[in-house]
J.: 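After the structure tokens below, expect a handful of questions from me.
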Amino acid sequence: MKAPSVVRAVLDFDVAEYVSTTRAVGRHHLDPELRNRMAELYLDLRDALHEPDAVFDRQELRVLRFAELALQSEWKLADPSGGADCAGLLNTVSGPRGKRYQPYANVRLLNQVLGTRRGSSDASIEYRCRQTLRFLVRSWLEYEQRSSNGTETTWGWQRPLTPDAMSERLDRLARLRQDTADWPSLPRPHPVPPARWHHYVGDAGRSDTLEYLVNLPQTQHHDENAFLRVIHLTEVTTSGILARTLGAKTWLEAGRLREAAMCLERAAALASLQLDVMRVLRRTMSVENFLGFRKETGDASAVQMTSSQALHVHLLGVHPLKVEALERVPENAFLLFHLNDRFRPLRSLLHELPRDCDDSAQVLAAARELDETLYAWRRLHLGLAHRYLPKDSMGSGGTSGAPYLAGFYQDRLFHAGELTPHPVPVIAPALEGRPVWARAIFSPMN
Ligand code: HEM
């Protein structure tokens, strides 16, 4: 297609129909014709945007770049190999599509809302994270309330919760709502999904993006909706924690200890919310409900979650037992480039703090709090792997599952109150002989 007709086709695309169809049947059962049309539109748009002599006005370009993110998700999900065979796909015209977690959770759209793609400051990312968390908690609570009083009619009606589980979920969500009540807010979304992309773009479109485009479960199972909401809340808290951890590292390198302590305190507060969010799932989702939708999520696994992997690399360095898992995921392989002598995770910087000084003590106290909370999350998460997965089964991300998680969940900044030494150093794998996607330093898919 020529660029002007591509632009027309993208701008005329009926977003409302896409959202309501997806919600009505579950994304896994989306009409293949619609998904393929979106996948083709993505490829045409990608080419049109890269044409050297293409001219777009500023607003049009913003809309097209936004639409590209949503269309790309469907292109990735249309991948017949399920993202499993990236090297093989290099031979096709469309190139490697990456793993399924990113499109499943619509992470690129979420990052657009958070502003993490624009080199924003840690303070601004945290501000947007708090806005988004408040919005998502309210949206989830209202969904559960509608489900509980029988007014939710459009989605997530299969395998409902038992009355006890529902009551506990509502209580826990109401507490989260209370905890976030004073945080900055976003406006209410439109009552129905807007039909054109331009409504979703920019600051004004953030609520509609979160309400309609980010949360698209694969099935109609009630608890998949909850599962996906926990994934989004975890993505958002992790982005905030990561931004503040990077901020703390920069202040420590500059010798500004009080500012570093403040960053770590704020990171710890977000980590605490993240733990409470995971508890909602652990306390209220039955094993049967989880297994009811697991198959449809395919090999989407949060082991592919770039923000979480990056956070742990910046806190602790690359753990030897994670090298293979990082290497296998094209979105995350670039993190292996932190395996060099010059990279200093927070762990190293804490070891270099001046001794017997109040400001150092404040940094260490905040780091301890963050470490403790993240460790509690990892313990809880390992418990999920034991409880919900059939014994001896592999993880959906292709690792050994619970044994993989057990291998490093105890790697922490502190042990019995004392800073821990570095884990066994590892040498970067020889990337030379590996497929091109595994060598992508800047991970173009992020
Ligand atoms: C019943 C629910 C869950 C189970 C049974 C489960 C299980 C697993 C397993 C087995 C892995 C290892 C990787 C693989 O898939 O092969 C993993 C990794 C991971 N999961 Fe979950 N998970 C659950 C829910 C969640 C949720 C809601 C989140 C939130 C985002 C999450 C975040 C992660 C992260 C970040 C990793 C990567 C760990 C690392 O490599 O450091 N998980 N999970």
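Starting from 1, each residue takes its place in the sequence as its number. Every number for a ligand or one of its atoms is a count from 1 in the order of the listing.
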J.: Is it true that Y101 and E331 share a donor-acceptor pair across their side chains at a distance under 3.5 Å?
T.: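 Y101 and E331 do not have a side-chain donor-acceptor pair below 3.5 Å.
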
J.: Can you tell which of T399, L228, T234, D223 gets a heavy atom nearest to atom 30 (C) of ligand 1?
T.: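 Minimum heavy-atom distance to atom 30 (C) of ligand 1 goes to T234.
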
J.: Just checking, is any N or O donor in the side chain of Q102 or R108 under 3.5 Å from an acceptor N or O on the other one?
T.: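 No, R108 and Q102 have no side-chain donor paired with an acceptor closer than 3.5 Å.
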
J.: Any chance the side chains of H415 and Y375 put a donor and an acceptor closer than 3.5 Å?
T.: no

J.: Does a donor on one side chain and an acceptor on the other come within less than 3.5 Å for S139 and R229?
T.: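 Distance-only check passes for S139 and R229.
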
J.: Checking contacts here: is it the side chain or the backbone of H381 that comes within 4.0 Å of ligand 1, counting heavy atoms only? Could be both or neither.
T.: side chain

J.: Please classify the V303 to ligand 1 contact at 4.0 Å (heavy-atom distances, strictly less than): side chain, backbone, both or neither.
T.: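 V303 to ligand 1: contacts from backbone and side chain alike.
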
J.: Looking only at protein heavy atoms, which one is nearest to atom 35 (C) of ligand 1, and how far off is it?
T.: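 Closest protein heavy atom to atom 35 (C) of ligand 1: S308 OG, 3.4 Å.
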
J.: Side chain, backbone, both or neither: which part of K322 has a heavy atom under 4.0 Å from ligand 1?
T.: side chain

J.: Ligand 1 versus A302, non-hydrogen atoms closer than 4.0 Å: side chain, backbone, both, neither?
T.: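 Answer for A302: both.
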
J.: Taking the six-membered ring of W155, is the NZ or CZ of R23 close enough (under 6.0 Å from the centre) and on axis enough (within 45°)?
T.: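 Here R23 passes the 6.0 Å and 45° test against W155.
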
J.: Side chain, backbone, both or neither: which applies to M278 and ligand 1 if a contact is any heavy-atom pair less than 4.0 Å apart?
T.: side chain

J.: If you measure only the distance, is there a donor-acceptor pair under 3.5 Å linking the side chains of S307 and E235?
T.: yes

J.: Is V230 touching ligand 1 with its side chain, its backbone, both, or neither, if touching means heavy atoms under 4.0 Å apart?
T.: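 V230 to ligand 1: side-chain contact only, backbone stays beyond 4.0 Å.
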
J.: Does Y409 approach ligand 1 within less than 4.0 angstrom via side chain, backbone, both or neither, non-hydrogen atoms only?
T.: neither

J.: With respect to atom 4 (C) of ligand 1, which of D411, T238, L384 exhibits the smallest heavy-atom separation?
T.: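 Considering heavy atoms of D411, T238, L384, the nearest to atom 4 (C) of ligand 1 sits in L384.
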
J.: For atom 9 (C) of ligand 1, what's the nearest protein heavy-atom neighbour? Residue, atom name and distance, please.
T.: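 Going atom by atom, the protein heavy atom closest to atom 9 (C) of ligand 1 ends up being L405 CD1, 3.8 Å.
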
J.: Is NZ or CZ of R46 both nearer than 6.0 Å to the six-membered ring centre of W75 and within 45° of the ring axis?
T.: yes

J.: Taking atom types as modelled and ignoring hydrogens, do the side chains of R206 and Q131 form a donor-acceptor contact shorter than 3.5 angstrom?
T.: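 Note: R206 and Q131 side chains meet the donor-acceptor criterion.
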
J.: Considering only heavy atoms, does M394 approach ligand 1 within less than 4.0 Å through its side chain, its backbone, both, or neither?
T.: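 None of M394 does.
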
